[in-house]
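Nothing fancy with the numbering, it's 1 onward along the sequence.
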Amino acid sequence: MMLSQSLLSDHAFMELVEKALASGLWHKLIVGRPYDELADFLKSDDYHAMAALAAPAVGVGIARRPPKVAALPARSGPGPGYEKETALTTIRNRYAFMLPIVCHTLPRLAADPAFQRTVIKLRKEGWRDWHLLTAIANATGNHRAQLQGLYPSPGDSDEHRARIAAVMQAPERPSGSPVPVEAFSEHAMRTHLSVAAVSTARFYDLTIRRSPIAPEALLSVLGDRYGYWSDDVDHTDPFTW
């Protein structure tokens, strides 16, 4: 269960477990069996016999106060592989890389009142402009790929992945098919950023397993330990209206 929710690789996770066990974790563990198995240990007649006993059960009358256990605090501080200067350089490159991909989409979105409201709301929640551009670029790129009949799947060849990436990352042309404004709804923007966050996690050698991890949880970890919600660089506002 713990491993399925960890962003560490299997090797790194087991190293932590072995280190904890060597430090005395064994002395704090209690081994138990599932209730369904233990309940079947005795037969129905045994339970009826015990219920018929005149003497009170052992422990009756003793007040039971479950101990209050504080929640295990999450780790704090920079996560493995995070360096602020490297992160800022990456963000600077994101601005330079993504703007050409959406250079003709941005003016259309800037003129749409519904999208303006979405940007204002997301900015109030802490979204940086590179978050907004990431979501817009992903939505735009997906639209282009779908127009060409290109859909990603887990078993794709490297050649097919490269073809999809080339279409999605190409500079936007004035003659290109415009992406419907509805593709940039608040829900769509959140979805696209969550998908992009997986790539950010892998950039830091974090492991995303097949068992689902809530997008909010992943974004929270990236924000707390990888500067995801705080890091930014000076740039021209791409949403001037």
Engineer: Shortest non-hydrogen contact from Arg94 to Thr134?
Structural biologist: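 Scanning both residues, the minimum pair turns out to be NH1-OG1, 3.8 Å.
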Engineer: From the options Ile136, Thr118, Asp112, select the one residue that forms a side chain to side chain contact (heavy atoms under 4.5 Å, CB included) with Phe184.
Structural biologist: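 Single pass found, and it is Ile136.
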Engineer: Give the ring-plane orientation class for Trp127 versus Trp229, where under 30° counts as parallel, over 60° as perpendicular and anything between as tilted.
Structural biologist: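 Because their plane-to-plane angle lies in the 30° to 60° range, the rings of Trp127 and Trp229 count as tilted.
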Engineer: Should Lys43 and Asp46 count as an ion pair when the cut-off is N to O under 4.0 Å?
Structural biologist: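 No, this pair does not count.
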Engineer: For Pro100 versus Cys103, what's the shortest heavy-atom pair and its separation?
Structural biologist: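 Closest approach of Pro100 to Cys103: O-SG, 3.4 Å.
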Engineer: First locate atom CG of Leu206, then atom OG of Ser9, and finally report the distance between them rounded to the nearest 0.5 Å.
Structural biologist: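 Answer rounded to 0.5 Å: 9.5 Å.
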Engineer: Contact between Leu42 and Met50 at the side-chain level, heavy atoms closer than 4.5 Å - yes or no?
Structural biologist: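 Answer yes - side chains close enough.
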Engineer: Same cluster or not: are Val119 and Leu99 linked, directly or through other Ile, Leu, Val, Met, Phe, Trp or Tyr residues, by side-chain heavy atoms under 4.5 angstrom apart?
Structural biologist: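 Same hydrophobic cluster.
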Engineer: Could you pull out all residues at least two apart from Glu125 that satisfy side chain to side chain donor-acceptor pair (under 3.5 Å)?
Structural biologist: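 Checked Glu125 against side chain to side chain donor-acceptor pair (under 3.5 Å); matches are Arg190.
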Engineer: Can you tell me if Glu172 and Thr105 form a side-chain donor-acceptor pair at under 3.5 Å?
Structural biologist: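 There is such a pair between these side chains.
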Engineer: When you look at Trp130 and Phe97, which way does the ring pair (Phe, Tyr, Trp, His ring centres under 6.0 Å) test go after all the steps?
Structural biologist: CA-CA 11 Å; Trp130 63 269; Phe97 177 76; over 10 Å; no
Engineer: Do Asp231 and Arg128 pass the salt bridge (Lys or Arg N to Asp or Glu O under 4.0 Å) test, and can you show the C-alpha distance, the side-chain angles, and the key distance before you say yes or no?
Structural biologist: CA-CA 8 Å; Asp231 288 346; Arg128 302 287 178 169; over 6 Å; no
Engineer: Kindly compute the distance separating NE2 (His104) from CG (Leu109), expressed to the nearest 0.5 Å.
Structural biologist: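 It comes to 13.0 Å.
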Engineer: Calculate, to the nearest 0.5 Å, the distance between atoms OG and CD belonging to Ser177 and Gln146 respectively.
Structural biologist: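 So the OG of Ser177 and the CD of Gln146 are separated by 11.5 Å.
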Engineer: Decide whether Asn142 and Tyr151 meet the rule of one side-chain donor and one side-chain acceptor closer than 3.5 Å.
Structural biologist: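 Side chains of Asn142 and Tyr151: no pair found under 3.5 Å.
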Engineer: Does a donor on one side chain and an acceptor on the other come within less than 3.5 Å for Ser153 and Asp156?
Structural biologist: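 Present: a donor and an acceptor within the cut-off.
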Engineer: I'd like to know if the side chain of Ser220 and the backbone of Glu216 have a donor-acceptor N/O pair within less than 3.5 Å.
Structural biologist: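 Side chain of Ser220 to backbone of Glu216: no pair is present.
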Engineer: For residues Leu147 and Leu150: do they belong to one hydrophobic cluster (side chain heavy atoms under 4.5 Å, members Ile, Leu, Val, Met, Phe, Trp, Tyr)?
Structural biologist: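 No, separate clusters.
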Engineer: Check the hydrophobic clustering (I, L, V, M, F, W, Y; side-chain heavy atoms under 4.5 Å; chains of links allowed) and say if Met98 and Val195 are grouped together.
Structural biologist: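 In one cluster: no.
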Engineer: Within the structure provided, determine whether Lys84 and Leu88 are in side-chain contact (heavy-atom separation under 4.5 Å).
Structural biologist: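 SC-SC contact between Lys84 and Leu88 confirmed.
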Engineer: Hey, are the side chains of Arg161 and Pro152 touching, using non-hydrogen atoms and a 4.5 Å cut-off?
Structural biologist: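 Result no, sub-4.5 Å side-chain heavy-atom pair not found.
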Engineer: Test salt bridge (Lys or Arg N to Asp or Glu O under 4.0 Å) on Asp237 and Arg123; report intermediate values, then the result.
Structural biologist: CA-CA 12 Å; Asp237 188 350; Arg123 277 178 163 174; 3.0 Å; yes
Engineer: For a quick test of reading the model, state the closest non-hydrogen atom pair linking Ala183 to Ala188 and the distance between them.
Structural biologist: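 So the two residues come closest at O-CB, 3.3 Å.
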Engineer: Once rounded to the nearest 0.5 Å, what's the spacing between atom CG of Leu122 and atom CG of Asp129?
Structural biologist: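 Output value for this atom pair is 11.0 Å.
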Engineer: Would a single hydrophobic cluster contain both Val179 and Val167, if residues Ile, Leu, Val, Met, Phe, Trp and Tyr are joined by side-chain heavy-atom contacts under 4.5 Å?
Structural biologist: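 They do not share one cluster, since no chain of ILVMFWY contacts under 4.5 Å joins Val167 to Val179.
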Engineer: What is the minimum heavy-atom distance between Tyr204 and Ala87, and which atoms define it?
Structural biologist: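 Result for this residue pair: OH-CB, 3.8 Å.
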Engineer: Search all heavy atoms of Ser76 against all heavy atoms of Arg225 and return the closest pair with its distance.
Structural biologist: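 It is O-NH2, 3.8 Å.
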Engineer: Just do the side-chain hydrogen bond (donor to acceptor under 3.5 Å, both in side chains) check on Asp234 and Tyr95 with the steps written out, would you?
Structural biologist: CA-CA 10 Å; Asp234 292 336; Tyr95 281 115; over 6 Å; no
Engineer: Might you point out which heavy atoms bring Leu219 and Ala197 nearest each other, and give the distance in Å?
Structural biologist: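 Of all heavy-atom pairs spanning Leu219 and Ala197, the closest is CD2-CB, 3.6 Å.
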Engineer: Please step through side-chain contact (heavy atoms from CB on, under 4.5 Å) for the pair Tyr228 and His131, ending with a clear verdict.
Structural biologist: CA-CA 9 Å; Tyr228 195 80; His131 296 136; 3.5 Å; yes
Engineer: Quick one: pull up OG in Ser185 and CE in Met189 and give me the separation to the nearest 0.5 Å.
Structural biologist: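 That separation rounds to 9.0 Å.
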Engineer: After noting the C-alpha distance and the side-chain angles of Arg144 and Ile101, does the key distance pass the side-chain contact (heavy atoms from CB on, under 4.5 Å) rule?
Structural biologist: CA-CA 11 Å; Arg144 289 186 206 162; Ile101 298 175; 3.7 Å; yes
Engineer: Quick one, Thr207 with Leu8, criterion side-chain contact (heavy atoms from CB on, under 4.5 Å). Give me CA distance, side-chain angles, the key distance, then yes/no.
Structural biologist: CA-CA 5 Å; Thr207 300; Leu8 296 175; over 6 Å; no
Engineer: Quick check: is Tyr35 connected to Phe41 through a chain of hydrophobic side chains (ILVMFWY, heavy atoms under 4.5 Å apart)?
Structural biologist: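 No; Tyr35 is not reachable from Phe41 via cluster members.
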Engineer: Which value, rounded to the nearest 0.5 Å, describes the distance between Phe203 atom CZ and Leu222 atom CG?
Structural biologist: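 One finds 12.0 Å between CZ of Phe203 and CG of Leu222.
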Engineer: Is it true that Arg209 and Asp10 have a side-chain N and a carboxylate O under 4.0 angstrom from each other?
Structural biologist: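 Answer for the salt bridge query: yes.
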